[in-house]
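This report refers to the structure that appears directly beneath it.
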2 protein chains.
Amino acid sequence: MKYLLALSLAAVCTAAAAAPAETRIPDSAVRTAEQLRDRAVNDDTAYKFVEGLTTEVGPRLAAGENDAKARDWVIAKFKELGFDKVYTEPVTYPKWVRRHESGEIVSPFAQKLVLIALGHSFPTPSGGLTAEVVRFDSLDALKAADPARVKGKIVYVGFRMQRHKDGHDYGTGSSIRVGGPPLAASKGAAAFLLRSAGTDATDRMPHTGVTGFPDAKANGIPAAALSNPDADQLERVLAYGKPVVVKLDLDVGFEGDYTGANVIGEVTGKKYPDQIVDIGGHLDSWDPGTGAIDDAAGVAIAAAAAHLIKQLPQRPDRTIRVIAFANEEGGLYGGKAYAEKHAAEVAKHVLGSESDFGAAPIWILRATVKPEARAAIAQIAAVLKPIGVEYDEKGPGHGGSDLSALHQKGMAALSLDQDGTHYFDIHHTPNDTLDKIDPKEIAQNAAVYAVYAYMAAQADGDFGSKPGAFAKDKGED
Amino acid sequence: MKYLLALSLAAVCTAAAAAPAETRIPDSAVRTAEQLRDRAVNDDTAYKFVEGLTTEVGPRLAAGENDAKARDWVIAKFKELGFDKVYTEPVTYPKWVRRHESGEIVSPFAQKLVLIALGHSFPTPSGGLTAEVVRFDSLDALKAADPARVKGKIVYVGFRMQRHKDGHDYGTGSSIRVGGPPLAASKGAAAFLLRSAGTDATDRMPHTGVTGFPDAKANGIPAAALSNPDADQLERVLAYGKPVVVKLDLDVGFEGDYTGANVIGEVTGKKYPDQIVDIGGHLDSWDPGTGAIDDAAGVAIAAAAAHLIKQLPQRPDRTIRVIAFANEEGGLYGGKAYAEKHAAEVAKHVLGSESDFGAAPIWILRATVKPEARAAIAQIAAVLKPIGVEYDEKGPGHGGSDLSALHQKGMAALSLDQDGTHYFDIHHTPNDTLDKIDPKEIAQNAAVYAVYAYMAAQADGDFGSKPGAFAKDKGED
C-alpha cells in the first residue's frame with residue numbers, strides 16, 4: 001500500500017510549483033520500445049541461447065567441472081552477440097560435491113526410495129546410515145518436539161506444495177528444506193528427509209536445492225528429498241503404525257573453497273556510459289537436470305534483450321549490463337559479491353531486474369522506485385501491456401534473486417514475474433531440460449526485458465537509486 | 001469384418017428350424033449382474049489390493065527377490081478374499097538381473113544420459129563400452145543398412161510415440177525395442193539405443209521393457225532406452241554433424257533359470273465346477289516402478305471381480321478362476337505355461353479375458369466367440385453400457401496378453417480395453433506407482449470384470465471354446 005499512496009501524493013505534487021521533477025520517458029523512446037517489443041516477440045536469440053548452453057554444457061553445479069566450462073561458453077556467446085565489453089568478476093564460494101546417493105525402506109516393507117541429497121548436505125558414514133523414521137507435519141511441530149523423540153532418528157517432514165501462479169507454496173517448502181535439517185541437527189537427529197519442495201504430485205522426481213548448512217564447519221547431518229510418490233509411499237508405510245527403518249547412503253559433502261566468477265556483458269551507453277541498467281540471470285544450476293528453466297533461461301532472456309537493444313540504429317543513452325551470476329543456488333554468492341563490489345556506486349545503477357523464475361509468459365510488473373519515477377514505470381507498463389503484462393502499482397519489486405542484494409543497498413528495482421504455475425513441477429529435478437521451454441514464451445520474456453531495459457536507459461531522470469534508498473524493503477523475489 | 005458377417009448369418013440362421021442353439025444368459029442372471037455392477041463401482045477391493053501389493057512388496061522383477069515375495073503376498077490375499085481354492089502352477093523362465101546402468105555422451109559435448117537397460121539386454125564389458133553412434137529413423141532403415149555402417153557402432157533408432165486411446169503407436173515402439181537389438185547385433189553393432197517406447201515427451205523417465213534376446217545363448221549386445229528428453233539431446237548433438245561418441249556401462253545379464261509360478265484362486269462353480277471363466281493379470285512387473293498400472297491393477301481387478309461374485313447369495317454356476325500370471329514381461333512365460341498345461345481341456349474354458357492395460361476406464365468390449373454366442377455377448381455389453389463400455393461387434397477379442405496363449409489354442413475370448421491415452425506415459429518407468437490409479441476408475445474396471453465373468457458363468461450354452469476353434473485369430477492384445 002505504501003507505494004500506491006506515494007504515487008497518489010506524487011501525482012498531486014506534480015501540479016505544484018515546488019514538486020521534484022518527475023522521471024519521464026521521451027515519446028521517441030516509447031515508439032522505439034514498441035518497435036523493439038514487436039521485433040523481440042519473434043526473435044529466437046533467447047531460445048537458441050538456452051538450447052546451446054544446455055546442449056553443449058548441460059548441468060552447471062557451482063564449483064563443479066562445468067562451472068568454468070559454462071563461464072567460457074557464456075563469455076564466447078556474449079562476444080558473439082556483439083556486446084561492447086565482456087568481463088568477469090571473481091566470486092568465491094564453498095565447493096560441494098555429489099558422488100552418489102541412495103535410500104531404501106529397510107523395514108517393515110523393504111523398498112527402494114527415489115531421493116536426492118540436498119545441496120550442502122553432509123554425508124552419511126561410508127556404507128550408509130540406518131535409523132528409525134520420526135515424522136513431523138511441519139517445522140513448527142519439529143520445533144516444539146522434545147529432543148528425546150528426535151535423537152538418533154531420521155526426521156521426516158512432509159509438506160505438499162500446491163500449484164499457484166505466484167508459486168507461493170515454495171515459501172513453506174523451501175523453508176522446510178533450508179531450515180529443517182539444521183533444526184533437526186540441533187535436536188540430535190541422525191538425518192533429515194523431506195517431501196520434495198515441488199508441485200509435481202505424481203512424478204517420481206526428487207527436487208534438490210540448498211539446505212541450511214553454510215559450510216563444512218556447520219553442525220551438519222545428511223539431508224535428502226524424496227520424490228512425491230516416494231513420500232506418499234513412506235507415509236503409507238508409517239501409517240501401519242510399526243517402526244519404520246530407513247537406510248540412507250549419501251556420498252556428498254564440502255570440499256574446500258572455489259573461486260568462480262560473475263560473467264558480465266555490456267552494451268555501452270552513448271550519453272551516460274557510467275549509468276547502468278542491470279539485467280541478468282544465474283549461470284549455475286543444480287546438477288540432475290540441465291538447468292534450462294533454472295536458470296539458463298534467465299541469462300538467455302537478459303542476453304537476448306541486450307542483443308536486441310544493441311541492434312537498434314542508435315545506442316541506448318545508458319549502459320545495459322547483463323550479468324550471469326555465479327552460484328545463486330548455493331546462497332546468492334554471485335549476487336552478494338556483486339552487491340558488495342558495486343555498493344558504493346549504487347546510485348549509478350538506475351534500475352535492476354533479474355529473471356529467475358523460468359520462461360513461462362511474464363504476466364506482472366511490480367516496482368520499488370522513488371515516487372517521482374512511478375509515471376515512467378507506468379509508461380514501461382503501457383508498452384508491455386499488449387504482450388500480456390499487468391502492472392501492479394502497489395509493488396514492491398525486489399529485482400530478482402541475485403539483484404535483490406544490490407536492491408537492498410539502494411538500487412531501484414523491478415520484479416517481472418513469469419506465470420509460475422508449473423515452475424515447481426520441474427524446478428531442481430532431472431526434468432529441468434530444454435523441452436520445458438516454449439520458444440514463443442521465452443521470446444515474450446526477452447521482449448519484456450528489452451523494453452524495460454531500453455526505456456530505463458532512455459529515461460529523463462532516475463528511479464531513485466541511492467545508498468540506503470529502499471532500506472525498509474527487505475524482500476527477495 | 002469376418003465376425004460381423006458371421007453374426008449376420010447367425011441371425012438369419014436362428015430363424016430356421018435346424019439352427020444350432022443360441023447361447024443366452026437367463027433374465028435372472030442379467031438382473032443379478034446389474035446389481036453386481038452397481039455394487040462393484042463403489043467397491044474398493046481392487047484399489048486396496050494394488051495399494052497393498054505396491055506398498056508391502058513393490059517392484060516385482062521376474063526371478064528377482066520379490067518374485068517369491070509377491071507370490072506369497074497374493075496367495076495370502078486370495079485366501080483373505082475367501083476364494084475356495086488357492087494354488088500355484090510352476091513356471092520356469094530365464095533369470096535376468098539388473099545391477100547398474102549408466103551412460104553419457106563423451107564427445108563432442110560431454111553430458112550424462114538418463115537411460116535404462118532393456119530387459120534381456122546383454123552387459124557391456126566391465127568398465128563400459130565406448131563407441132560412435134549411428135542413427136537410423138526406423139527399423140526398415142536399419143534393415144536396409146550396409147553392415148559396414150553399423151559394425152562396431154552404437155545403433156540409435158528414434159521413433160516418437162504419440163498418445164492414442166488404443167495405444168497403437170506401441171506397436172511400432174515395441175517392435176523397435178524387441179527387434180532392433182537383434183537386428184543391430186546381426187550386423188555387428190556394438191550396442192543399441194532407442195528413444196523410449198513411451199508417450200511422455202517431456203519426462204526424463206526412460207522406459208524399459210524386454211528386447212529380443214531370449215536367453216544367454218542369443219547373439220546379444222547391450223541395449224538401452226533413453227528418456228525422451230535425452231533422446232532429444234542426443235539428436236540435437238548428432239545434428240551438429242560431428243562424430244558423436246557415447247559410453248555405456250550396463251551391468252546386467254542372464255543368470256541361469258528360475259522356477260516361479262502362476263498363482264490361481266477360484267470361486268468354485270455350483271452347477272459346472274469343471275467349467276471355467278478365466279480372468280487375471282500378471283503379477284510380475286518391471287523393476288524401476290512398483291508395477292501399479294502394469295500390472296498389479298490387472299490382478300487386482302480380477303481378484304476384486306471374483307470376490308464380488310463370491311459375495312453373492314448364490315455361487316455362480318461355473319467356476320471363476322483368477323490367475324496371477326508369472327513373468328509376462330519377459331515373454332508371456334506364465335501365459336504360455338498355462339496354455340500348455342490346460343490345452344487339452346480348452347473346451348472347458350468357456351470364456352477368458354485378462355486385464356493388462358492399466359486401470360483407466362474400460363471403454364470397449366470386443367469378442368472372438370462362436371456366432372451363436374454373439375447374442376449372449378450383446379447381453380453382457382448391455383449390462384456394461386451404463387458404465388461407459390461400448391460394444392464393437394466386429395471384434396476381435398484376444399483375451400489379453402497371457403490369456404491370448406490359451407485363446408490361440410481354442411478358448412473363446414474377450415478384449416476389455418481401458419482408455420490407454422496416458423498408459424504409455426508411465427508404462428515400464430519409475431513412475432508406475434499407486435498414485436497413477438484413480439480409485440473410482442479401477443472400481444469401474446472391477447465392475448466390468450465382475451459382470452462379464454458372472455454372466456459367462458451363468459450362460460445357457462457355451463461361447464465356442466474347443467481345440468483349434470479360433471486358429472485363424474493370431475492376435476495378442
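Residue numbering restarts at 1 for every chain, and letters A, B, ... go by the order of the sequence lines.
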query: For A443(A), what residues pass the side chain to side chain contact (heavy atoms under 4.5 Å, CB included) criterion, not counting sequence neighbours?
result: none
- request: Go through the atoms of P288(B) and report whether side chain, backbone, both or neither lie under 4.5 Å from a heavy atom of chain A.
  value: backbone
query: Taking all non-hydrogen atoms of both residues, which atom of A300(B) and which atom of F49(B) are closest, and how far apart?
result: CB-CD2, 3.4 Å
query: Under the criterion side-chain contact (heavy atoms from CB on, under 4.5 Å), which of I426(B), L434(B), V50(B), I442(B) is the partner of I293(B)?
result: I426(B)
Could you list every donor-acceptor pair linking chain B to chain A (distance under 3.5 Å, backbone and side chains)?
unit_1: T54(B); atom_1: O; unit_2: Q111(A); atom_2: NE2; d: 3.1
unit_1: T54(B); atom_1: O; unit_2: Q233(A); atom_2: NE2; d: 3.4
unit_1: T55(B); atom_1: O; unit_2: Q111(A); atom_2: NE2; d: 3.4
unit_1: T55(B); atom_1: OG1; unit_2: Q233(A); atom_2: OE1; d: 3.4
unit_1: T55(B); atom_1: OG1; unit_2: R236(A); atom_2: NE; d: 2.9
unit_1: E56(B); atom_1: OE2; unit_2: Y240(A); atom_2: OH; d: 2.4
unit_1: Q111(B); atom_1: NE2; unit_2: T54(A); atom_2: O; d: 3.1
unit_1: Q111(B); atom_1: NE2; unit_2: T55(A); atom_2: O; d: 3.4
unit_1: T202(B); atom_1: O; unit_2: K436(A); atom_2: NZ; d: 2.9
unit_1: D203(B); atom_1: OD1; unit_2: N431(A); atom_2: ND2; d: 3.2
unit_1: R204(B); atom_1: N; unit_2: N431(A); atom_2: OD1; d: 2.8
unit_1: R204(B); atom_1: NH1; unit_2: P288(A); atom_2: O; d: 3.1
unit_1: R204(B); atom_1: NH1; unit_2: P430(A); atom_2: O; d: 3.0
unit_1: Q233(B); atom_1: OE1; unit_2: T55(A); atom_2: OG1; d: 3.4
unit_1: Q233(B); atom_1: NE2; unit_2: T54(A); atom_2: O; d: 3.4
unit_1: R236(B); atom_1: NE; unit_2: T55(A); atom_2: OG1; d: 2.9
unit_1: Y240(B); atom_1: OH; unit_2: E56(A); atom_2: OE2; d: 2.3
unit_1: P288(B); atom_1: O; unit_2: R204(A); atom_2: NH1; d: 3.1
unit_1: P430(B); atom_1: O; unit_2: R204(A); atom_2: NH1; d: 3.0
unit_1: N431(B); atom_1: OD1; unit_2: R204(A); atom_2: N; d: 2.9
unit_1: N431(B); atom_1: ND2; unit_2: D203(A); atom_2: OD1; d: 3.2
unit_1: K436(B); atom_1: NZ; unit_2: T202(A); atom_2: O; d: 2.8

message: A side-chain contact here means heavy atoms from C-beta on lying under 4.5 Å apart; do V133(B) and V237(B) qualify?
response: no
- line: Tightest non-hydrogen contact, residues F78(A) and A303(A), listed as CE1-CB, 3.9 Å
query: Which heavy atom of L283(A) sits nearest a heavy atom of A324(A), and at what distance?
result: CB-CB, 4.2 Å
